[in-house]
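Right, one structure below, let's go through it.
Computed over heavy atoms, backbone and side chain alike; hydrogens, waters and symmetry mates excluded. In what follows, every chain begins at residue 1, and chains take the letters A, B, ... in the order their sequences are listed.
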There are 2 protein chains.
Amino acid sequence: MDDLILALGRIVGSAHVLTADAITPEYTHDEALTVAAVTPRAVVRPGSTEDVSAILALCDQQRVPVAARGGGTGLSGACTPLPDGIVLSLERMRRIVEIDGENQCAVCEPFVRLAELYAAAEDRQLMYPIVPGENSATVGGNVGTNAGGMQAVKYGVTRHQVLGLTAVLASGEVIRAGGKFVKVASGYDLTQLIIGSEGTLAIVTEVILKLVPRLPYRSTILAPFHTLEEVTRSVPKLLALGRQPLMLEYIDLMTMASILQRSGMDLGVPQEIRDRALAYLVIVTEGRDEERTAEDAQALGEHCQELGALDVFMLPSQAGRKLIEAREQSFWAAKAAGAGEIIDVVGPRAQIAAFVERASQVAQRNAAFVVGCGHAGDGNVHFAIFHGEAEVRNAVVRELLQTGIELGGAISGEHGIGLAKKAFYMEFEDPVRLALQRRIKAAFDPHNTLNPGTIFD
Amino acid sequence: MDDLILALGRIVGSAHVLTADAITPEYTHDEALTVAAVTPRAVVRPGSTEDVSAILALCDQQRVPVAARGGGTGLSGACTPLPDGIVLSLERMRRIVEIDGENQCAVCEPFVRLAELYAAAEDRQLMYPIVPGENSATVGGNVGTNAGGMQAVKYGVTRHQVLGLTAVLASGEVIRAGGKFVKVASGYDLTQLIIGSEGTLAIVTEVILKLVPRLPYRSTILAPFHTLEEVTRSVPKLLALGRQPLMLEYIDLMTMASILQRSGMDLGVPQEIRDRALAYLVIVTEGRDEERTAEDAQALGEHCQELGALDVFMLPSQAGRKLIEAREQSFWAAKAAGAGEIIDVVGPRAQIAAFVERASQVAQRNAAFVVGCGHAGDGNVHFAIFHGEAEVRNAVVRELLQTGIELGGAISGEHGIGLAKKAFYMEFEDPVRLALQRRIKAAFDPHNTLNPGTIFD
C-alpha cells in the first residue's frame, strides 16, 4: 500500500479509505450525460472539518488532486476525480447541526440531503425554499453549483440563502465566513465567492442557510398557449402584477407529452386545445391563507387569458403537486428517451422566445431534436438534445450556447460548468475574466489541488 | 504642472482634472465622523468606461493611488484619497442607461443618485427596493459598500439586487460580469465579489439592477414596548407569521425623543405610555391592494399586543411616512446632538437584546452615552456614541465591536469598514481570512493602486 493511502488512513481510519475494488462505481461519476467515469486512486470519507483539513494539507503537500463529492446528482461532472487523485466523499458529514427558529436558519454539514432539510424545517413551520428538483441532492453540492430550481422566481437561488459557511482551503487552513445574519459589509464576501465555485476554491464543511416562514397553501394553474412566444411575452406582465408566483414554468409540447405519458396523469385539457397548444405555462402561488392563495392564482389565470392563453385550468391541489413532481423528473424522462446532452442556458427572460426559436432552427439544420422546458420567470431554458451522433450533438450544443451568449445570457443558469461544459466555457469566456479567475483560483489554491481542470484549465 | 496631470488631462480633457485650489473640500471626505479629510494630488472626472480604463492604466503604471468617489455619503471614509493619490470622481457618469420593463431591471452608470433611480422605476410601475435612507447616495457607492437600509428585511441588500456590472481593473482592463438574468452558474461570481469591496478591487462603471413590481399601498404601526428585550423576542415571532413586513425597525427611547423633537411630530402616544416605553417597534407592510395591506399590519399589530406591547398605534399614512423619513434622518440627529462615533454592528437577530444590554454596561462603565435604533429584522444595530474625549469613544467603540463579534456578529452590517473601522477590523479579523483577502486583492490589483489601505493594510 502506498504511503499516501497509509497517511490518509491515519487521519480518518483505514475503514474510511477505499481503494481498488472497494471503490464502487457511484464514486466515479455524477449524472452528467457526457462526462466519462473515472476511478480515483482512493476514496476518503472524512468525519469532521478537522479531518478535511488534515486530508487537504496532506494532499496539497503531495500534489494529489482532490475532488469533493456530495450526493453525486450534479449535471456538470464537477465531482469527477482524476485517476491519480482522490475523491473526498462527505457522506459521513450528514448532520443537521441546528434548526435555529429565532434566527430562522439551519446549520448543516455538507451531506445533509435536501429532503432531510425540507422535513426538518417543516417541523419548525419553516421552509428551505431552494428546490432544484432532486431531493437526494446534498446541501454541499447545492452550494458548489449555486443550485436553483423552480422556486427561484420567488426566492432566488442557493446563493441567496447561504448566510455563512465553514470552508477548508487547499492548505488545510479553515475559514469561517458570514454568520447567522442576513447582511454584512465587513471585508470581501468570501461566502459568495465560494458558492458556485464547484469545489475548486475550498471544501465547504458547514453551511448556515436562511429559512423562510412556511406558507401552507398552494394553488396551481395550467395555461396552454398557442406559441412559446406568447408565453414569453406574458411572463414580465404576470410578474408585474406583484402577486409573487412561487413558480412560473414553461413546458413545451414534447416535454408535456413525455411528462404526461410517464406519470400517467390526465390534466383535463381537451384534445382540441392540446392540438393547438405548442407551449404550456404552469403557475403556482403560495400563501398563508387559502383564500388569498386561490385569489392570486385566479388573478394570474385571468391575466393569462387576456394575454392569449387558449384556456386556463385551475388544477386540484393533488394534480398540481403531481404535475410539479413530474416536471421535476423531466431530466430523467429525457434521459430515458435517449437524450444525449442537456443544457440550461440562462438569459434575459424577454429573450427566451428568440432563443427557443433560434434553437429550433439549429436543431432543424442539424436534423436533431431539441425539446425543453424551463424556468420562464428566470430566463433559464432547459433543453434535451437528441441525435444519434455525439459529434452532431456537440455541434448543436456549441451553437446553442453561443446563441444564448449572443442574446445576453450565460452558458449555465444552475447546472454549472464542471467538466461537461468546460471546453465551451473556455472558448466563449472573455479572456480577461478568465485570467482574473485563474488568479483568484491561485489565491485560494496555489498548487491547484482542488478539482483541477474543473470549470477551466 | 507635473506629467501625471498633463497625461490625465489628455485622457479626460484638462477641464476635468482639478488640482490645488480647484479641489473643493467636498472631494476630500465623506460623512464618516472620525476620518480626517485629505486633499489629493488631483481630482479626475471621467466621462466613460474608456476614460476610467485609460486613467487606471496610467495610474497603475505610475503607482498613483486611486480613490473612487460617488455621492460622498458613505460613513466609513472609503472614498478618502491619499495625499499623493487622485480622486476618481464619477460625477459625469450619471446616466440611467435603460429601464428595462420586460426584464425588470435598470442599467445605470455609477453616479445615478438613488432618488433618480426611484423616480425612474416608479414611472414604469417598478421599484428599486434598496433604501439606505440617504437618497442622494449613488448607485456606485451603494455597490461599493453593499448598502442595506430599512427595507432589507423584505428585499435584502444591494448585493441581492445587482445582476451584473461593468468594472475596470487596476490594469485598465474592462470586465463585464453577470447580465440581465437573475441566476447564473458559469464560473466564479465576480459581480458578488466586487460588491462591498469598497473600491479596492475594481471601479464599477455600469450596474444592472433588479427592479421589483411597485406595490402601491403601505400601512405603518407603532408598538411601544416596556423593554428592548421584549422587542427582540417579538421579532422572530412576527417574521414567522409570513406576512412579509417591508420594515421592522426598533427605536430606543432617546432616539425616539430626538426624532420627535427634530421633526415636530406628534404620534399620538399618550404620556403614560411614553413614560413606560423604553423601546418602540415600527412595522410597515406593503401590498398591491389596500385591504390586504391594512389587514397584514393589523395582524402584526395584534400579535405585538400578545407579545407584550404596551399598546399598538396604526399610524395614518402621512404620519407613517413622516416617521420613517425622520428615522432615516437619525444619523443627522445624532450628529447634530454631538455624537462622536457611529457604529452599525450586525449579528444574529436573536442576540440584539443581549448586545444592547452589554452595550449599555460598556457605556456606563465609560461614562459615555450610547443611543440607537436599528434594523431589528436584520439584527443590525445602529449606535451613536457620545463622550467628550476621542480616546474614550474609541475604547467604547472597540469594546462594542468586540462584543458584537463575540455574540456571533460582524463589525458592520451596511456602512462598511473603509478607514473608519480598519484598525478594529485588522485587530479582530481572523488572520487566515485576512491573508486570503490580501491574496484576492493582489489577484485584482497587484500594484495596490485601488484605494490602498482601505478595509485592511
Donor-acceptor contact below 3.5 Å, side chain [X] vs main chain [Y]:
X	Y	result
B/R439	A/F444	no
A/D189	B/I195	no
A/S186	B/S412	yes

Considering only heavy atoms and a distance below 4.5 Å, find which of [options] pairs most often with chain B.
options	value
A/T454, A/I175, A/V174, A/D100	A/I175
A/G409, A/P446, A/G164, A/A177	A/G409
A/V235, A/T200, A/V346, A/L434	A/V346
A/C105, A/A435, A/G347	A/G347
A/H415, A/K421, A/R176	A/R176
A/I194, A/I417, A/I411	A/I417

Practice item. With rounding to the nearest 0.5 Å, note down the distance linking CG in A/L190 to CD1 in B/I440. Key: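 It comes to 5.0 Å.
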Check your understanding: Distance from A/R438 atom CZ to B/Y188 atom OH, nearest 0.5 Å?
Key ->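 A/R438 atom CZ to B/Y188 atom OH measures 10.0 Å (nearest 0.5 Å).
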**Study point:** Pair A/D289 + B/R243: basic N to acidic O under 4.0 Å
**Key:**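 Answer for the salt bridge query: no.
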Review point. Under a 4.0 Å N-O cut-off, is there an ion pair linking B/E102 with A/R349?
Key: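 Result for this pair is no, no salt bridge flagged.
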Practice item. State which residue, out of B/D344, B/T158, B/N380, B/N146, fulfils the side chain to side chain donor-acceptor pair (under 3.5 Å) condition with A/K183. Key: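 So the option named by the test is B/N380.
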Given heavy-atom pairs under 4.5 angstrom as the criterion, report whether the side chain, backbone, both or neither of [X] touches chain B.
X	result
A/K441	both
A/D430	side chain
A/V157	side chain
A/N103	both
A/R159	side chain
A/L169	side chain
A/L215	side chain
A/Q244	side chain
A/T145	backbone

Exercise for review: Report the C-alpha separation of B/Q104 and A/L239 in whole Å, then their side-chain angles, then the decisive distance to 0.1 Å, and conclude whether the side-chain contact (heavy atoms from CB on, under 4.5 Å) test is met.
Suggested key: CA-CA 9 Å; B/Q104 292 188 347; A/L239 288 173; 3.8 Å; yes
Check this for me: [X], atom [atom1], are more than 12 non-hydrogen atoms of other residues, nucleotides or ligands nearer than 6.0 Å?
X	atom1	answer
A/E291	CD	no
B/E229	CD	no
A/E173	CD	yes

Exercise for review: Below 4.5 Å from any heavy atom of chain A, which atoms of B/E414 appear? Answer side chain, backbone, both or neither.
Suggested key: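 Both parts, heavy atoms under 4.5 Å.
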Check your understanding: Which atom names give the shortest non-hydrogen contact between A/Y425 and B/G187, and what distance separates them?
Key ->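 So the minimum-distance heavy-atom pair works out to OH-CA, 3.4 Å.
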Exercise for review: Looking only at non-hydrogen atoms, find the nearest pair between B/G408 and A/F181 and report the distance.
Suggested key: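 So the minimum-distance heavy-atom pair works out to O-CE2, 3.3 Å.
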